[in-house]
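Keep in mind it's a predicted model, so treat the numbers as computed, not measured. Just the heavy atoms: all of them, side chains too, but no hydrogens, waters or symmetry mates, feed the values below. Here, residue 1 is the first one in the sequence, and each next residue gets the next number.
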Amino acid sequence: MAKAKSKKITIDEMLVPVEEQPFAVPENWCWVKLSSVISTSKEKMDDFSNLSLKYVGLEHIEKDRGINGYGTTDGVKSLKNVFHAGQILYGKLRPYLNKHDVAFFDGVCSTDILVFDAKEIVDPRLVNMFFDMDSFISYAVSNSKGINLPRVSEGAILDAVFPLPPISEQQRIVEQVENLFSKLDEAKEKAALSLESFDKRKEAILYKAFRGDLTEKYRNQKKPLPAKEYLNKLVDEGKTISKKDFNFWNNSDLPAGWVQSKIGNLLYFAGRIGWKGLKAEEYTEEGPLFLSVYNLNDGDEVTFNRVYHITKERYEESPEIMVQVGDVLLTKDGAGIGKLGYVKELPQEATINSSLLLIRPGEVADSKYVFYLLSGPELQEIVRERITGSATPHLFQRDIKEFLIPIPPMEEQKEIVSILDDILSKEYQANDAAKMLIEQVDFMKKAILVKAFRGELGSNDPSEESSIELLRQIIES
């Protein structure tokens, strides 16, 4: 019996009806099903005993960057999909629907990766870009099936609608988008490098500040009262607040007029000793503030936009940790270890939870100076040691109290703070700008793709032959 001839598809069957078209495109474009421009490759391989091929798994395809490496088939025994340079690889598992690329070498890939052939009427790079469209990703997600690891089928992919430009316009779109993306990626990379070097720049600035390098000109011109005289005056007036012996000494490595001491000898320290039975269900809607690491997450100053409250009775149980304006708070436990904040203002009575340590400079030092000092590389190195040396990192009060600190004259402390405020505010602004740029790059890329697939990049030539003629080539071939 003779084999029945397959039905020849028509132009009308390839085109998407107007009412099903997601948006308008230029007149010489047309909406088609993806099956009109790509097809699934069925080539498989399961015997690698006599050869070693490049192997691509989902782990080798990076979001937004495509194929970023490969493995080998050494030791591989299971069935794999074969692909060739120029074919499109697409991860079909729902968590990886944004992992895809045009292959630039031959090899085999995981069966969780679909392999598509681009027909002669479409540039495979354009289809690969289309896979990054939010509208297509939403379509693929909604058409994923399964419970534990939902997958989108090749049939669902091929059934998606696609705006087909004329072939010359396709190439112009690809070149323009790649050029724009390349510039955005370059800007993003520079921003990322800036972010990576931010901490080192900050540490270098703080290191100079506490060696006296930033205020050398100020000292020579203003001749401030030496710290030793100022601190002895506090002793004479009974204004010292340290619980230990108030003592300090000269250090020849420090600028003239500066002294050195253990921080615990000069400043007041206190932390909540246990919880005294305090439980989370005792938190109240109002009353004294109960500060935690969450209040140290937004800049240098302690903030109060995310805060618990406790009763007045609970607050008065621990007078030693009643917070005052000018206090510096340091996180000594948990994931936020080492975070700092200084109390510039206090909207109402406040205390701290057991993860914080209260440091009170009093009249010995400017509170912002102490904040910057503790933010510097020396103390933060101790923090890093605690983080890497323990499963549950913890800063003990003795770690801090034994910490040697330089004490400049009070006027010079304020000058250091003024200089640091100015320099670091610019660094913070640059850092915030870098973060914003990195966040915006993805949005800008999505906006570019929307314009590209709407024919709004300014590259379309309305006099070029309609893409419908490309479809006719398929029918006639």
Side-chain angles (χ1 to χ4, degrees), residues 205-271 300-302 319-330 340-346 352 357-376 378-379 397-424:
I205 293 167
L206 292 173
Y207 179 76
K208 288 184 177 181
F210 302 118
R211 285 177 55 89
D213 295 349
L214 300 184
T215 46
E216 182 177 5
K217 183 177 179 180
Y218 172 86
R219 283 193 305 278
N220 293 334
Q221 291 179 347
K222 299 295 184 179
K223 308 294 184 185
L225 180 70
K228 182 177 181 179
E229 293 184 31
Y230 174 74
L231 294 175
N232 281 330
K233 184 179 178 182
L234 291 182
V235 173
D236 294 339
E237 295 175 354
K239 293 182 179 179
T240 62
I241 58 175
S242 171
K243 291 180 180 179
K244 281 194 172 186
D245 293 335
F246 192 85
N247 63 84
F248 47 87
W249 53 87
N250 293 321
N251 185 328
S252 59
D253 293 330
L254 295 175
W258 291 35
V259 296
Q260 187 180 50
S261 181
K262 293 178 180 179
I263 194 171
N265 289 355
L266 301 183
L267 308 185
Y268 173 84
F269 282 78
D300 295 348
E301 299 174 15
V302 173
E320 72 280 2
I321 52 172
M322 292 177 179
V323 180
Q324 298 179 12
V325 172
D327 288 345
V328 176
L329 305 183
L330 169 65
L340 290 148
Y342 77 98
V343 183
K344 184 178 181 180
E345 58 184 2
L346 200 59
I352 58 174
L357 180 67
L358 184 151
I359 304 170
R360 184 166 296 151
E363 295 189 48
V364 171
D366 181 274
S367 61
K368 191 68 178 288
Y369 174 83
V370 173
F371 168 83
Y372 278 137
L373 183 63
L374 296 176
S375 302
E378 288 85 0
L379 179 63
Q397 287 194 32
R398 63 176 179 270
D399 294 328
I400 311 301
K401 290 184 177 182
E402 295 295 310
F403 182 62
L404 293 176
I405 60 169
I407 297 292
M410 178 58 78
E411 296 90 340
E412 191 170 351
Q413 289 183 39
K414 294 183 182 297
E415 180 66 13
I416 289 172
V417 168
S418 177
I419 293 172
L420 289 177
D421 281 347
D422 181 58
I423 295 175
L424 293 179

**Student:** Is it true that a side-chain atom of Q413 and a backbone atom of D366 form a donor plus acceptor pair closer than 3.5 Å?
**Tutor:** yes

**Student:** Apply side-chain contact (heavy atoms from CB on, under 4.5 Å) to L374 and I359, showing your working.
**Tutor:** CA-CA 10 Å; L374 296 176; I359 304 170; 3.5 Å; yes

**Student:** Closest heavy-atom contact between L206 and G376?
**Tutor:** CD1-CA, 3.7 Å

**Student:** Within the distance-only criterion (no hydrogens, no angle test), does the side chain of N220 pair as donor or acceptor with the backbone N or O of E216 below 3.5 angstrom?
**Tutor:** yes

**Student:** Checking I405 against F210 for the side-chain contact (heavy atoms from CB on, under 4.5 Å) test, could you report, in this order, the C-alpha distance in whole Å, the side-chain angles of both residues, the deciding distance, and whether it holds?
**Tutor:** CA-CA 9 Å; I405 60 169; F210 302 118; over 6 Å; no

**Student:** Answer whether the closest heavy-atom distance between the side chains of P226 and W258 falls below 4.5 Å.
**Tutor:** no

**Student:** Do any N or O atoms from the side chain of S367 and from the backbone of D327 form a donor-acceptor pair under 3.5 angstrom?
**Tutor:** no

**Student:** Going by heavy atoms in the side chains, are I400 and F269 under 4.5 Å from each other?
**Tutor:** yes

**Student:** State yes or no: are the ring centers of Y369 and Y342 separated by less than 6.0 Å?
**Tutor:** no

**Student:** Taking all atoms of both residues into account, what is the closest heavy-atom pair of A227 and V259, and its distance?
**Tutor:** CB-CG2, 4.0 Å

**Student:** Look up atom CD1 in I419 and atom NZ in K208, then write down how far apart they are to the nearest 0.5 Å.
**Tutor:** 12.0 Å

**Student:** I need the I263 CD1 to K401 NZ distance, nearest 0.5 Å.
**Tutor:** 10.5 Å

**Student:** Just so I know, are the side chains of L404 and K262 near enough to count as touching, which here means a heavy-atom distance under 4.5 Å?
**Tutor:** yes

**Student:** Is the shortest side-chain heavy-atom distance between D421 and K368 below 4.5 Å?
**Tutor:** yes

**Student:** Could you tell me whether the side chain of Y268 and the main chain of L358 form a donor-acceptor pair under 3.5 Å?
**Tutor:** no

**Student:** Is there a side-chain contact (heavy atoms from CB on, under 4.5 Å) between K344 and D300? Walk through the geometry before answering.
**Tutor:** CA-CA 9 Å; K344 184 178 181 180; D300 295 348; over 6 Å; no

**Student:** What heavy-atom pair brings L357 and G271 nearest, and what distance separates the two atoms?
**Tutor:** CD1-N, 4.1 Å

**Student:** If you measure from CD1 on I241 to CG on L234, what distance do you get to the nearest 0.5 Å?
**Tutor:** 10.0 Å

**Student:** Over all heavy atoms of both residues, which pair between S261 and W249 is shortest? Give the atoms and the distance, please.
**Tutor:** CA-CH2, 3.7 Å

**Student:** Under a plain distance cut-off of 3.5 Å, with no hydrogens placed, do E415 and T215 share a side-chain donor-acceptor pair?
**Tutor:** no

**Student:** Hey, could you give me the CE/OH distance between M410 and Y230, rounded to the nearest 0.5 Å?
**Tutor:** 3.5 Å

**Student:** With side-chain contact (heavy atoms from CB on, under 4.5 Å) as the criterion, how do V364 and L231 come out once you've worked through the C-alpha distance, each side chain's angles and the decisive distance to 0.1 Å?
**Tutor:** CA-CA 7 Å; V364 171; L231 294 175; 3.9 Å; yes

**Student:** Report yes or no: do N251 and Q260 form a side-chain donor-acceptor pair below 3.5 Å?
**Tutor:** yes

**Student:** Any idea which heavy atoms bring E411 and Y218 closest together, and the distance?
**Tutor:** CB-OH, 3.3 Å

**Student:** How far apart are the closest heavy atoms of F371 and V328, and which atoms are they?
**Tutor:** N-CG2, 4.2 Å

**Student:** Measure the CD-CD1 distance between E412 and I407 for me, rounded to the nearest 0.5 Å.
**Tutor:** 11.5 Å

**Student:** Could you measure the distance from the CD atom of E320 to the CD1 atom of I352? Nearest 0.5 Å is fine.
**Tutor:** 8.5 Å

**Student:** Please answer whether the main-chain N or O of P255 pairs with a side-chain N or O of R219 as donor and acceptor at a distance below 3.5 Å.
**Tutor:** no

